[in-house]
Each structure stands twice: as structure tokens, then as C-alpha cells.
Amino acid sequence: MTGRSAVSAVKNALKSQAVETPSWAFGNSGTRFKVFTQPGVPRTPQEKLTDAARVHAHTGVAPTVALHIPWDRVDDYGALAAEARELGLRIGAINSNVFQDDDYKLGSVTHPDAAVRRKALGHLLECVDVMDATGSRDLKLWFSDGTNYPGQDDISARQGRLAEALAAVYERLGEGQRMLLEYKLFEPAFYATDVPDWGTAYAHCLKLGEKAQVVVDTGHHAPGTNIEFIVALLLREGKLGGFDFNSRFYADDDLMAGAADPFQLFRIMYEVIKGGGFTAGTAFMLDQCHNIEEKIPAIIRSVMNVQEATAKALLVDADALDAAQRSGDVLAANAALMDAYNTDVRPLVAEVRAELGADADPVAAYHASGYSEKIVAERIGGTQAGWGA
């Protein structure tokens, strides 16, 4: 392609991208030690949707918002979905919660007590009911289940209990619905986590069938893990369902996507594009908690970071890279990636936003809109949404 046609192709691809925002990121959050509240934080799921719509209005590429049950529980999910549509949004993934009930101290679907396992499974099936009511495609599952001490429980038996629960949920999924199984290296299980890595998640999904896929959380790996390798392999096997984008400096996530290692985000997006994963079949979701920064601008910035990493990945000269790889020219191959990564794509992405009817500079537009002052003035009283509420 010529330079002009290549730029046009990149712009068209960027216009097709959709980044899903998480409802919980608009609420108060913190560490295990302290939650810092902010004025103007949503008090209801409906107010979270309003904030998500503001992100979409400024970026043009955030048309869906993920819900978390029970944090976003309402009496009428169909009505909530209708409110989302009126705001120009759709309800995205439904996230389950089987980690905040006292009954789950020793696990949820892997608990040694069958009564607790039935309770947890009931919640997961309830989440599929929510999917039916909202028209959601994805059920996202993360389990904090695990053990703290050697001998506490039978490791193999817990895998069997997990498989049984997943199979029951899989059987309940309707046409066009799927489950995305997430993994996390550790915490709160300090000896053996029941779904600690992509291999465990992949093994369960492979056994279940095509409606079960793995979701890669970019912050849930051991230091030094090559996440783009995982992405490439899952794409090759047809088992990459989506991402939870975030960053981490230490052992866990929740920082803005691309904040800790923007080069890693670029490398991941390159493998997504190369592996044929840049489609609607891959869910590009944010999973973040904004503890000390203002929430809506942080989410806007995260969407922008994903856009910019994607634009750079789309600019990789595939022919030059392929030729260098085939000839064994290590430096030329690396240079093909570095040339794309070092390109300043901000003007290009700004053009894309403008052509979508959004804002060339979303953060500046948000601050100029007066929306922050408006919600601070209006959201007085009531109970602010936050982690666990």
C-alpha cells in the first residue's frame, strides 16, 4: 500500500475499535488499607451509565459498559439496558461476584461444602439471567477460590468441583452467549489458587467447548511474564475471548492501561492484529480502579492509551518485518517493530476521533465541558458507589 492508503487503512481500523469501560471504575476504590472518596461519584448504576456515556462521547470508541453483580443490581435489568441505549451505550460483559460473602471464606464453586457450592452456582446462573435481560454476550468469571495452607483441601478435588460448576453454567448459556474465564496468579489464596494462570483457564475452556474462552488480564501475571506470547498462543488455538486492560508495577493490577509499560501494550496489540484477533470477537475491556486520580479523566486516558498502542501496532511494516525474519536479520526485524512504536500517532488518532464526531483532545474537552462540576453539585446525599457496593 502507498503511504496515503496505509494511513487510510489504519484510520478505518481504529474507527472499528471498541473499548469497554467497567462500571466499578467510576465508583470509589482503594487498597486493602483505605478507600479515598471523591465528590461527584455515582450513587446508582444509572449514574454510572451516565458517566460511561460521557467517556464515549469524548472518545467515540467506548460504546459498552460492563456490569458487576451484585454491585450493579437493579430490579429491572431490561429497563437498565433501555436507559443505556438512550445514552448511546450498550450493556457489555456481566461480571459475577463469588468472593465477598462470608460463606466463601474457604471457596465458592470449589468449597468443600456442597451447600456453599450450590449457592455460588446459583449466583452464576443468576448472572446468565441478567445477560438474557440486558442482551449481553459475555459472562466474565473470576474466582478467588484457593487454599492458604498445605493440606487445607484436596487440590485435585477442587479442580473437579470447578469443572462441574463451569459445565453447569456452560449448559445454561443461550445462543450467542459465551463465558470468559479469567485467572489470577495469587491473592487472596496464598498457597494454591484454583485458577492461577492461563494454562489452567485454557484447559477448562478447551474441555467445555467453543462458548468458553480465556480472558487475559494484563496485570495478573508474574513479573517478567511474556504476555504477548500467551496472547499469540490463545489466538492460534481460537481461545482468546478478550482482555482486561490495566497496568501494574508490582504484583497486581488497577493502574491505567499503558501506564506502567506502554511498550508492552503495543506488543500485545501487535500480536492481536497479526493473529487475527482485531475483531468484534475479542472483547477489549478495561478493568481498573482509580484510587487517587479523578475517575472519568483516568478512564478517558486509558481508552486513549489503548487507541494509541493499537495505532502503532497497525503501522508495523509487515512486509519488511517478514523479510527480516525470513533472512534471519535480527536487528532489522526488531527495528521494524521499534519504528512503528516510536511513531507519534497522536495526530492520527486525533483525526480519527474528530471524524467519528468525538473530540480530538478528549481530556481537555472533558475538563472544558463542566461535567465534573455538574456531577459534584448534583450528587449530594445518598450512598456513593464503591468497591463492594
Side-chain angles (χ1 to χ4, degrees), residues 24 29-33 68-71 94-127 139-172 179-208 212-225 227 230 234 239 241 244 246 248-254 287 289 387-388:
W24 53 94
S29 59
T31 67
R32 290 174 293 167
F33 308 107
H68 200 295
I69 309 300
W71 299 349
I94 303 301
N95 292 253
S96 60
N97 183 324
V98 285
F99 55 85
Q100 282 192 312
D101 192 292
D102 285 344
D103 285 343
Y104 301 144
K105 181 171 68 173
L106 300 180
S108 61
V109 297
T110 68
H111 197 288
D113 187 333
V116 175
R117 297 200 299 272
R118 286 193 297 270
K119 174 179 177 177
L121 177 58
H123 171 70
L124 301 184
L125 297 176
E126 173 198 3
C127 288
L139 171 67
K140 189 142 69 70
L141 304 175
W142 172 72
F143 300 100
S144 66
D145 295 36
T147 54
N148 279 10
Y149 292 96
Q152 178 183 323
D153 200 359
D154 186 313
I155 292 175
S156 179
R158 291 177 76 91
Q159 288 298 311
R161 298 166 197 157
L162 172 63
E164 183 179 356
L166 292 176
V169 177
Y170 189 90
E171 183 66 24
R172 170 65 181 82
M179 66 164 64
L180 303 181
L181 182 57
E182 188 181 351
Y183 54 90
K184 188 173 182 179
L185 182 64
F186 70 96
E187 194 192 25
F190 294 122
Y191 171 65
T193 300
D194 289 331
V195 190
D197 52 38
W198 70 271
T200 305
Y202 172 72
H204 282 284
C205 290
L206 187 64
K207 189 173 183 178
L208 287 166
Q213 295 188 300
V214 179
V215 60
V216 174
D217 187 309
T218 54
H220 284 179
H221 302 85
T225 297
I227 299 174
I230 299 170
L234 289 174
K239 280 296 179 183
D244 277 353
N246 49 59
R248 61 119 172 92
F249 281 101
Y250 295 109
D252 208 346
D253 58 6
D254 288 343
D287 181 14
C289 290
W387 191 85

Pair V169-L139, side chain to side chain contact (heavy atoms under 4.5 Å, CB included): steps then yes or no: CA-CA 10 Å; V169 177; L139 171 67; 3.5 Å; yes
Donor-acceptor pair, distance only, cut-off 3.5 Å: does the side chain of [X] make one with the backbone of [Y]?
X: D197; Y: T200; value: yes
X: T110; Y: G107; value: no
X: T31; Y: F33; value: yes
X: E171; Y: A167; value: no
X: Q159; Y: D194; value: yes
X: D244; Y: D287; value: no
X: H220; Y: Y183; value: yes

Less than 4.5 Å apart, any side-chain heavy atom of [X] and any of [Y]?
X: N148; Y: Q152; answer: yes
X: R172; Y: L125; answer: yes
X: P112; Y: R158; answer: yes
X: Y104; Y: K119; answer: yes
X: F186; Y: P196; answer: no
X: V195; Y: L162; answer: yes
X: L180; Y: V214; answer: no

Do NZ/NE/NH1/NH2 and the carboxylate oxygens of D153 and R161 come within less than 4.0 Å?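 Salt bridge between D153 and R161, a charged N being under 4.0 Å from a carboxylate O: yes.
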I need the single residue from L181, L234, L166 that forms a side-chain contact (heavy atoms from CB on, under 4.5 Å) with C205. Which is it?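 So the option named by the test is L181.
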For side chain to side chain contact (heavy atoms under 4.5 Å, CB included), just list the numbers for W24 and S29, CA-CA rounded to whole Å, side-chain angles, deciding distance to a tenth of an Å, and then say yes or no. CA-CA 8 Å; W24 53 94; S29 59; over 6 Å; no
Inter-residue atom distance [X].[atom1] - [Y].[atom2], 0.5 Å rounding:
X: T225; Y: L185; atom1: OG1; atom2: CG; value: 7.5 Å
X: W71; Y: Q100; atom1: CH2; atom2: CD; value: 5.0 Å
X: M179; Y: K140; atom1: CE; atom2: NZ; value: 14.0 Å
X: C127; Y: H68; atom1: SG; atom2: NE2; value: 9.0 Å
X: L141; Y: N95; atom1: CG; atom2: CG; value: 9.0 Å

Between W198 and Y202, what is the ring plane arrangement, given parallel below 30°, perpendicular above 60°, and tilted in between?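 Answer is tilted, since the angle falls between 30° and 60°.
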Would you check, one step at a time, whether the test side chain to side chain contact (heavy atoms under 4.5 Å, CB included) holds for H221 with I230? CA-CA 11 Å; H221 302 85; I230 299 170; 3.7 Å; yes
Answer yes if the ring centres of W142 and F99 are under 6.0 angstrom apart, and no otherwise.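 W142 vs F99: aromatic centres under 6.0 Å.
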Using the side-chain hydrogen bond (donor to acceptor under 3.5 Å, both in side chains) definition, which of the options D252, T193, D253 pairs with K184? D252
I would like to know whether I69 and H123 meet side chain to side chain contact (heavy atoms under 4.5 Å, CB included); could you show each step before the answer? CA-CA 9 Å; I69 309 300; H123 171 70; 3.9 Å; yes
